[in-house]
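For reference, the structure discussed in these notes is given below.
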Amino acid sequence: MDPADFIFNKDDPVESAIEGDIVSDLKNVGITVKSRALTKDDLNSNMTAGNFHLAFTESQGPPYDPQAFANSWGKPDEAYHAALEGLQAPNDKATIIQSIKDVQLIVDETKRQEKWTDILSALHAQATELPISGKRIPAVFNKRLTGYVPGLQQYDYPAHTIQVLGGSRGRTVTVAPGGQGGLFSSVTGVGRLDAHTYRPNEFWANNWVYEGLVEYGPGGTILPSLAESWTISEDKQTYTFTLRQNVEFHDGAVWNCAAAKLNFDHVLALTHPWYGMPGQIEKWSCTGETFVVTTKAKYYPLLQELTFIRPLRMQSPYRFASGASTNKFSENSCVSGNVFGDDDDYADTVVTCAGIQGGGVSNGGNVSGTGRWIYTKTVKTGDSIDQVHFARNENHWDPPTGNTFVKELIVVHYATHEAVKAALLDGTLDAVMGSGPLKVTDIADLKKNKPDPIGSVLLTEPIQNRIVVMNTAKGPTKDLQTRKAIIHAVNKPSIIKNDLAGLESPAEALFPKDAPYCGADLTPRPEYDFEKARLLNCPAPEEKNQLQASIIAIIVVLAFAAVAFGTVLVVMYRREKTGEPIFQPLVKPQETGKDMDIA
């Protein structure tokens with residue numbers, strides 16, 4: 001068997017640690033692995049191109065799981081796009097992708113649950129991934145802070161809930177947030193920080209600055225945000241939003257239905273094919289100060305997908321290239337310099353991008369939403385970003401009461417995980433929010449020992465699953481038996497104890513069990529079973545054939561030997577009966593007597 005090509009993010013300490021244990025476990029059952037440590041950008045390009053046999057990834061967590069993450073598999077934006085190419089009929093890739101599209105149009109809850117169970121069962125039967133653990137999102141705070149309520153999405157850090165008990169910095173708080181690259185980058189910072197586009201914008205920063213019509217709440221409930229209420233038509237295809245009144249953007253522009261429509265116009269001029277909602281919205285319009293959205297079919301995740309941090313958050317009309325009258329096709333809010341729609345899947349007609357006025361934060365410009373935090377400045381040393389500052393939006397429609405809440409956030413760059421921990425311990429850093437800035441072992445240490453000045457270490461419940469996705473279309477992982485062997489060969493309890501400091505629990509499926517429609521008990525469970533893994537992988541098919549041939553040859557030889565031996569016994573018996581045995585005695589009877597006596 002050729003070595004399996006295993007790719008991982010070299011800058012992620014968790015992936016680096018887990019990778020070594022997986023390689024060792026697979027070696028123990030006769031599977032050789034060749035690992036490649038890549039930068040985040042190189043990892044993404046290899047994933048989307050299918051240049052791997054094994055690759056780390058994660059489910060996206062709420063509110064994206066399961067439908068948006070699964071929907072992304074149909075486009076070359078995620079490892080699963082290439083990894084599913086080798087699936088076999090009747091549940092090949094095309095069938096799975098169509099099933100994912102179909103289930104999003106099922107209105108009946110029971111039938112929708114059955115369809116999702118069918119999809120997940122089909123993937124489970126073909127052993128498409130090795131679930132590792134349920135990922136929990138950490139937060140660590142200096143003892144001068146209290147009151148933090150963890151967010152409900154991966155990059156949702158509700159800093160507005162933090163209260164200050166004292167300290168020399170007063171109500172200014174220094175933070176190290178976990179981003180898409182782990183540590184806060186001195187190169188990209190918060191990116192452009194515009195509302196409608198993607199990398200290198202950071203989710204957490206966009207979530208601080210911008211809001212949508214609705215918000216994701218506990219247990220998947222949909223909460224009011226810039227829409228204070230809504231109704232759904234009897235046919236489940238028309239949503240009428242009553243917009244919140246007396247709300248202003250950070251730059252003083254008025255939030256109203258015209259602003260809502262302008263943002264929808266620009267976002268939905270593009271297809272955003274990684275999730276389903278943009279393709280399901282047929283039209284949108286204003287009726288007075290109510291905003292009406294009509295879908296092409298009964299699309300059940302619409303409200304859930306309106307809670308996404310991007311791309312459909314609301315930015316000020318003043319930020320569009322030509323203000324409130326900006327044309328969605330000739331001056332779209334997408335990243336300046338791009339043109340879509342000629343020969344791609346990103347627009348149905350030609351769309352020319354103009355970006356936003358000033359080009360956004362990374363180009364020295366400004367941004368404006370209605371969110372709880374206002375971007376104020378970036379501090380640099382040369383071209384290196386040291387800090388990014390945010391001020392509390394004192395005019396927010398739902399302000400905190402009291403004089404103990406944080407007034408300013410200073411996001412600080414640290415070059416290493418060790419530097420983050422040192423800053424926490426010397427008191428210059430007040431808070432870490434999210435995965436990435438600290439090593440898991442350091443989080444466990446701080447949680448257990450609470451060294452001064454650490455006040456609290458919080459962990460969410462598992463909200464997404466760490467996964468190793470296996471490429472079903474190439475290399476050793478093309479073989480189903482090998483994929484099953486890999487699943488059972490990896491000692492997840494040991495990995496969680498040694499590499500994840502016991503802070504996580506073994507994952508049993510692609511998605512967490514409490515994700516919508518993902519609670520089915522799929523068997524066999526993907527548990528560590530060394531003997532089962534050995535049996536699945538040994539002998540390999542060609543070795544098994546050779547062994548079978550050798551066994552047959554031995555049996556034939558033994559059979560001939562048995563026949564020959566039986567023939568000899570028959571001949572001996574017959575000779576004995578006739579008085580002519582084959583083996584004659586050394587002394588014949590007639591030779592005995594006196595002649596033989598010895599004096």
Side-chain angles (χ1 to χ4, degrees), residues 194-197 206 209-215 222 224-233 236-272 275-297 299 301-335 340-341 346-357 360 367-371 397:
D194 50 341
H196 301 157
T197 68
N206 277 57
V209 172
Y210 301 106
E211 296 173 309
L213 294 177
V214 291
E215 180 181 343
I222 307 300
S225 185
L226 290 177
E228 61 183 6
S229 63
W230 57 90
T231 60
I232 305 172
S233 63
K236 309 294 185 185
Q237 291 183 238
T238 301
Y239 296 73
T240 302
F241 297 91
T242 300
L243 302 183
R244 195 175 296 278
Q245 301 298 299
N246 302 314
V247 176
E248 288 187 353
F249 290 91
H250 301 157
D251 58 11
V254 176
W255 162 250
N256 55 22
C257 197
K261 184 177 183 302
L262 179 63
N263 278 271
F264 267 69
D265 285 347
H266 280 255
V267 172
L268 297 182
L270 301 177
T271 58
H272 304 276
Y275 75 124
M277 187 187 72
Q280 286 297 326
I281 294 180
E282 182 175 45
K283 58 184 180 180
W284 53 96
S285 61
C286 292
T287 303
E289 282 306 305
T290 61
F291 185 59
V292 182
V293 176
T294 303
T295 59
K296 298 173 183 177
Y299 185 69
L302 184 130
L303 288 173
Q304 183 178 342
E305 295 186 350
L306 283 174
T307 70
F308 289 179
I309 292 173
R310 61 191 189 195
L312 243 175
R313 292 286 178 100
M314 305 298 158
Q315 71 179 9
S316 168
Y318 296 165
R319 291 293 97 202
F320 288 82
S322 296
S325 62
T326 304
N327 185 279
K328 63 183 178 181
F329 295 122
S330 61
E331 291 184 295
N332 193 274
S333 59
C334 49
V335 181
F340 297 107
Y346 298 101
D348 296 326
T349 189
V350 175
V351 174
T352 302
C353 304
I356 63 173
Q357 290 191 22
V367 294
S368 177
T370 61
W397 51 268

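For the numbers below, each heavy atom of this structure counts, side chains included, while hydrogens, waters and symmetry mates do not.
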Taking all atoms of both residues into account, what is the closest heavy-atom pair of Lys296 and Ile281, and its distance?
CE-O, 4.0 Å

Measuring from Lys283:NZ to Leu268:CG, what's the distance to the nearest 0.5 Å?
15.0 Å

Quick one, Val367 and Tyr210 - any side-chain contact, counting heavy atoms below 4.5 Å?
yes

Shortest non-hydrogen contact from Tyr239 to Tyr299?
OH-O, 3.8 Å

Do Asp265 and Asn332 make a side-chain contact, defined as non-hydrogen atoms from C-beta onward lying under 4.5 Å apart?
no

Within this structure, what is the NZ-SG distance for the pair Lys328 and Cys334, rounded to the nearest 0.5 Å?
13.0 Å

Using side-chain heavy atoms (C-beta onward) and a distance below 4.5 Å, is Met277 in contact with Leu306?
yes

Whether Thr295 side chain and Gln280 backbone form a donor-acceptor pair below 3.5 Å
no

Taking Arg313 for its side chain and Thr307 for its backbone only, find out whether a donor-acceptor pair lies under 3.5 Å.
yes

Closest non-hydrogen atom pair between Leu303 and Ile232, with its separation
CD1-CD1, 4.1 Å

If you define the side chain from C-beta out and look only at heavy atoms, does anything of Met314 sit under 4.5 Å from Phe264?
yes

Are Leu243 and Asn256 close enough that some pair of their side-chain heavy atoms sits under 4.5 Å apart?
no

Can you check whether Val292 reaches Ser285 side chain to side chain, under 4.5 Å on heavy atoms?
yes

Measuring from atom SG of Cys353 to atom CZ of Phe340, what distance do you get when rounded to the nearest 0.5 angstrom?
4.5 Å

Let me confirm one number: the CD-CG distance from Gln237 to Leu302, rounded to the nearest 0.5 Å.
11.0 Å

For Cys257 against Gly288, the heavy-atom pair lying closest together:
CB-O, 3.7 Å

Could you check whether any side-chain N or O of His266 sits under 3.5 Å from a backbone N or O of Thr326, counting only pairs where one atom can act as donor and the other as acceptor?
yes

Backbone N or O of Phe329 within a donor-acceptor pair of the Asn327 side chain at under 3.5 Å?
yes

Rounded to the nearest 0.5 Å, the CD atom of Glu248 sits from the OG1 atom of Thr370 at a distance of 11.0 Å

At their closest point, which heavy atom of Ser225 faces which heavy atom of Glu211, and how far apart are they?
OG-CB, 3.8 Å

Between Glu228 and Trp397, do the side chains contain a donor N or O and an acceptor N or O under 3.5 Å apart?
no

Does the side chain of Pro278 reach to within under 4.5 Å of the side chain of Thr271, using non-hydrogen atoms?
no

Side chain of His250, backbone of Gly371: donor and acceptor closer than 3.5 Å?
yes

So, do Trp230 and Val214 sit near enough that their side-chain heavy atoms are less than 4.5 Å apart?
yes

Correct closest heavy-atom pair for His272 and Val267 would be NE2-O, 2.9 Å

Report the relative orientation of the aromatic rings in Trp255 and Phe249; use parallel for angles under 30°, tilted for 30 to 60°, perpendicular for over 60°.
perpendicular

The reported gap from OG1 in Thr240 to CZ in Phe291 (rounded to nearest 0.5 angstrom) is 10.5 Å

